[in-house]
Amino acid sequence: MNNQDIAQAAAILKRGGLVAFPTETVYGLGAAADNPAAVKRLYLAKGRPLDHPVIVHLAAAAQVPQWAREVPEAARKLAAAFWPGPLTLILKRTPRAGDDITGSQDTVGLRIPVHPVARALLEAFGDGIAAPSANRFGHVSATTAEHVREEFGGNVDFVLDGGPCEVGIESTIIDVSSGRPILLRPGRISAQDVERALGAPLVVGTNTPPRAPGMLAAHYAPHTPIALVPAAALYDRAMDLLRRGQRVAVLAHSMPLPTLDEQLVWILLPGDAAGYAHDLYANLRRLDQAQCSVILIEQPPITSEWAAVRDRLARASG
Ligand code: TXA
Ligand code: MG
């Protein structure tokens, strides 16, 4: 990955092509945000319903007024505190933010990422890039370039490889388009972080889909069934299934592999929320390919720093 790759990727976007690129959260599948033909290809490649809005990625806050007609005080505070970074703001849209990227809603989602490759691409392209997570609709998001290629094969014109994503789960989404800021999707930036920056309490969204499809029950889901199991029951559940002749996958974060068994695929993730989130999707993919009848996932702690991980695991398990 070098400057030539960035220039080539920007040229592809200008011609209406699709470019996958790394961000600090997950990989995005990008198209020129004001090119309806390119956006249409993007939705087709993802298999995503047309009424599900996408996030417009920008290089700088100076571009926000092109897409958002009102930037309320709360949005200014959050942008100042967390941009560039893993935060998406939902704002009232301008006419430039078309029906095709907003799902025909009156709002648009905007984010200024901090990842150097994303920033270089946004600067070279010079305009908004519409980019959902680079996975087929309903699948686990991609956190490496290799996983992007697994998802899309030849349906992407260019993949910028920036190595594994640092955060590992999608951005925090705050709707600041009405009077009261609403948390639509938890992420690395926690509800507490947002409240501190706002100096005011946050409403937790009870949004109905398809407003934010990340909020659909069966999202971020592998094909193998998933069961969330309390730590105290994890070992017994796994042993019971093995005894019944099943091949079992386990995703733990506090218990190392208890016993060697060819039919037991046991992964121990880091015991801290940030480390766990970083490794989560890549390991869900690994376990999904391990030909097991079920993936048992050790229930994460109920503390606030694990909120975003709990959210993704709840959706992955339906
Ligand atoms: O971290 C991320 O946010 C990644 C990277 C690539 O930036 N992107 C991502 O995009 O996760 P996607 O499309 O998989 O999820 C974006 C979420 C969706 O749930 C979508 O409904 C919501 O943002 N969203 C976008 N525009 C919206 C709007 N106007 N109102 C409500 N939700 C919106
Ligand atoms: Mg997604």
Side-chain angles (χ1 to χ4, degrees), residues 18-31 33 39 42-43 45-58 67-69 75 82-94 97-115 117-119 121-122 128-143 147-148 151 160 162 165-178 181-189 205 207-221 277 281 308 311-312 315-316:
L18 302 183
V19 172
F21 60 97
T23 80
E24 63 277 20
T25 55
V26 298
Y27 275 72
L29 181 63
V39 170
L42 176 64
Y43 274 73
K46 250 195 92 97
R48 183 171 189 156
L50 296 176
D51 61 350
H52 290 220
V54 287
I55 297 169
V56 177
H57 296 69
L58 303 174
W67 305 94
R69 67 177 188 269
F82 303 115
W83 275 354
L87 175 76
T88 297
L89 294 177
I90 308 298
L91 291 154
K92 292 236 169 70
R93 70 168 173 171
T94 61
D99 283 345
D100 57 338
I101 54 169
T102 60
S104 301
Q105 302 183 57
D106 189 36
T107 54
V108 63
L110 300 180
R111 168 157 122 79
I112 301 180
V114 72
H115 193 290
V117 174
R119 293 182 66 71
L121 178 66
L122 284 160
I129 301 177
S133 52
N135 53 281
R136 306 252 323 144
F137 183 68
H139 285 192
V140 177
S141 297
T143 52
H147 294 159
V148 173
E151 289 284 317
L160 285 169
C165 300
E166 185 210 324
V167 176
I169 57 173
E170 305 79 0
S171 62
T172 304
I173 304 181
I174 309 287
D175 183 347
V176 281
S177 68
S178 69
I182 305 168
L183 175 71
L184 294 185
R185 183 172 72 186
R188 159 72 74 83
I189 296 170
N207 249 45
T208 39
R211 187 135 189 240
M215 302 182 86
L216 286 176
H219 219 75
Y220 312 114
Y281 289 154
D311 171 80
R312 302 310 189 278
R315 290 177 208 295

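The basis for the numbers below is simple: all heavy atoms, side chains too, and nothing from hydrogens, waters or symmetry mates. Each residue takes its place number in the sequence, starting with 1. In each ligand, atom 1 is the first atom listed, and ligand 1 is the first ligand listed.
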Study note, to complete from the structure: So OG1 of Thr172 and CG of Leu183: to nearest 0.5 Å the spacing works out to 7.0 Å
Check your understanding: For ligand 1, which part of Arg185 has a heavy atom less than 4.0 Å away: the side chain, the backbone, both, or neither?
Key -> side chain
Point to revise | Side-chain H-bond candidate by donor/acceptor type, Ser171 with Thr25, under 3.5 Å | key: no
Review point. Judging by distance only, is a nitrogen or oxygen of Glu170 under 3.5 angstrom from one on ligand 1?
Key: no
Point to revise | Atoms of ligand 1, numbered as shown, that sit under 4.0 Å from any heavy atom of Thr107 | key: 28 (C), 29 (N), 30 (N)
Review point. What distance separates Ile173 CD1 from Ile90 CD1, expressed to the nearest 0.5 Å?
Key: 5.5 Å
Study note, to complete from the structure: Within 4.0 Å of some non-hydrogen atom of Pro132, the atoms of ligand 1 are 10 (O), 12 (P), 13 (O)
Check your understanding: Backbone, side chain, both or neither: what part of His115 comes under 4.0 angstrom of ligand 1, heavy atoms only?
Key -> neither
Check your understanding: Once you round to the nearest 0.5 Å, how far does CG of Asp99 lie from CG of Leu50?
Key -> 11.5 Å
Check your understanding: For Arg69, what residues pass the salt bridge (charged side-chain N to carboxylate O under 4.0 Å, His left out) criterion, not counting sequence neighbours?
Key -> Asp106
**Study point:** Between CZ on residue Arg119 and NE2 on residue His57, distance to nearest 0.5 Å
**Key:** 12.5 Å
Exercise for review: Please determine if His57 has a nitrogen or oxygen closer than 3.5 Å to a nitrogen or oxygen of ligand 1.
Suggested key: yes
Check your understanding: Does the gap between the ring centers of His147 and Tyr281 come in under 6.0 Å?
Key -> no
**Study point:** Gap between atom OG of Ser133 and atom CD1 of Ile169 - 0.5 Å precision
**Key:** 12.5 Å
Check your understanding: Counting heavy atoms only, which part of His52 comes closer than 4.0 Å to ligand 1: side chain, backbone, both or neither?
Key -> neither
Point to revise | Side-chain H-bond candidate by donor/acceptor type, Ser141 with Glu170, under 3.5 Å | key: yes
**Study point:** Derivation of the salt bridge (Lys or Arg N to Asp or Glu O under 4.0 Å) call for Arg111 and Glu24
**Key:** CA-CA 12 Å; Arg111 168 157 122 79; Glu24 63 277 20; 2.8 Å; yes
Review point. Which ligand 1 atoms are under 4.0 Å away from a heavy-atom of Pro53?
Key: 20 (C), 21 (O), 24 (N), 25 (C), 26 (N), 27 (C), 28 (C), 33 (C)
Review point. Which ligand 1 atoms, with their elements, are less than 4.0 angstrom from a heavy-atom of Gly28?
Key: 6 (C)
Practice item. Identify, with sequence neighbours excluded, every residue that meets side chain to side chain donor-acceptor pair (under 3.5 Å) alongside His115. Key: none
Exercise for review: Under 4.0 Å, heavy atoms only, figure out whether ligand 1 is touched by the backbone of Asp175, its side chain, both or neither.
Suggested key: neither
Practice item. Pull out every atom of ligand 1 sitting under 4.0 Å from any heavy atom of Ser171, numbered as shown with elements. Key: 1 (O), 2 (C), 3 (O)
Check your understanding: Looking at ligand 1, does Val26 have a heavy atom less than 4.0 Å from it?
Key -> yes
**Study point:** Thr25, portion touching ligand 1 at heavy-atom distance under 4.0 Å
**Key:** side chain
Exercise for review: Using distance alone, decide if ligand 1 has a nitrogen or oxygen within less than 3.5 Å of any nitrogen or oxygen in Ser133.
Suggested key: yes
Exercise for review: Give a yes/no answer: is there an N/O/S atom of Ser141 under 2.8 Å from the Mg ion (ligand 2)?
Suggested key: no
**Study point:** Atom indices of ligand 1, in the order listed, that fall short of 4.0 Å to a heavy atom of Val108
**Key:** 29 (N)
Check your understanding: Looking at Ile173, which atoms of ligand 1 are within less than 4.0 Å of one of its heavy atoms?
Key -> 17 (C), 22 (C), 23 (O)
